[in-house]
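Data block below; observations after.
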Amino acid sequence: RLKGSAADIARQGRAVERTQLRLGDLVFFNTRNAPYSHVGIYIGGQRFVHAPSSNGKVRIDLLSNSYFAQRFEAARTYFD
């Protein structure tokens with residue numbers, strides 16, 4: 001079980017290259033001018049699921065979306 005902020009979670013796990021992402025790996029972005037301020041779950045096909053705001057709506061976006069591509073920071077895996 002992972003706890004804490006996106007930045008706390010980013011400090012855990014093992015770094016994984018973007019080209020080696022597997023289903024369930026976490027992807028981290030700098031969306032608030034702060035490192036690791038946003039996190040999503042990789043679901044394959046260069047897509048990830050996330051909640052971009054606190055209004056409760058979850059959506060799927062592409063890692064290649066210009067907004068997220070520019071803000072991508074790291075990916076982590078929590079699997080063996």
Side-chain angles (χ1 to χ4, degrees):
R1 183 170 121 167
L2 298 172
K3 294 169 73 174
S5 68
D8 293 334
I9 294 168
R11 290 195 251 321
Q12 303 171 47
R14 183 172 32 89
V16 62
E17 293 296 322
R18 195 169 162 170
T19 57
Q20 301 298 312
L21 283 166
R22 295 184 301 170
L23 300 177
D25 288 344
L26 300 186
V27 289
F28 295 90
F29 305 89
N30 180 335
T31 59
R32 294 187 187 159
N33 217 14
Y36 308 107
S37 52
H38 189 65
V39 62
I41 303 169
Y42 186 70
I43 59 171
Q46 294 300 306
R47 298 172 302 148
F48 66 101
V49 62
H50 65 121
S53 67
S54 59
N55 68 5
K57 292 186 181 181
V58 174
R59 73 180 200 211
I60 295 171
D61 277 300
L62 289 169
L63 289 171
S64 61
N65 170 300
S66 62
Y67 178 83
F68 291 107
Q70 292 174 7
R71 290 164 176 80
F72 180 83
E73 289 202 297
R76 299 279 189 268
T77 190
Y78 300 85
F79 304 107
D80 293 332

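Note: Y78 OH to R1 CZ = 15.0 Å, rounded to the nearest 0.5 Å. How far CZ of R22 is from OG1 of T77: 4.5 Å, rounded to the nearest 0.5 Å. Atom CD in Q12 sits 10.0 Å away from atom CG in L26 (nearest 0.5 Å). Here E73 contributes atom CD and T31 contributes atom OG1; the two are 9.0 Å apart, rounded to the nearest 0.5 Å. Within the model, atoms CD1 of I9 and CG of L2 stand 5.5 Å from one another, a figure rounded to the nearest 0.5 Å. The NZ atom of K57 sits 8.5 Å away from atom OG of S53, with the distance rounded to the nearest 0.5 Å.
Every residue was checked against the salt bridge (Lys or Arg N to Asp or Glu O under 4.0 Å) condition with R71, not counting sequence neighbours, and none meets it. For the side chain to side chain donor-acceptor pair (under 3.5 Å) test, no residue two or more places apart in sequence or in another chain qualifies with T19.
Considering all non-hydrogen atoms of both residues, P35 and A7 come closest at O-CB, 4.2 Å.
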Cut-off 3.5 Å, no hydrogens considered: what does the side-chain donor-acceptor table look like for residues 43-50, sequence neighbours left out?
| from | atom 1 | to | atom 2 | distance (Å) |
| --- | --- | --- | --- | --- |
| R47 | NE | G44 | O | 3.2 |
| H50 | ND1 | H38 | NE2 | 2.8 |
| H50 | NE2 | D61 | OD2 | 2.7 |

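When side chains are defined from C-beta on, L21 counts as touching V27, because their heavy atoms get closer than 4.5 Å. Two residues are said to be in side-chain contact when any heavy atoms from C-beta on lie closer than 4.5 Å; R76 and Y36 meet this criterion. Between R18 and F72 the shortest side-chain heavy-atom distance falls below 4.5 Å.
Judged purely by atom type and a 3.5 angstrom limit, S37 uses its side chain to pair as donor or acceptor with the backbone of R32. Without hydrogens or angle criteria, N65 side chain to L62 main chain gives no donor-acceptor distance under 3.5 Å.
Under a hydrophobic clustering in which Ile, Leu, Val, Met, Phe, Trp and Tyr are joined whenever their side-chain heavy atoms come within less than 4.5 Å, directly or via other members, I41 and L23 fall into different clusters. Cluster annotation: Y67 is connected to Y42 through the hydrophobic network of ILVMFWY side chains, with a link wherever side-chain heavy atoms come within less than 4.5 Å.
More than 12 non-hydrogen atoms from other residues, nucleotides or ligands lie less than 6.0 angstrom from CG of N55.
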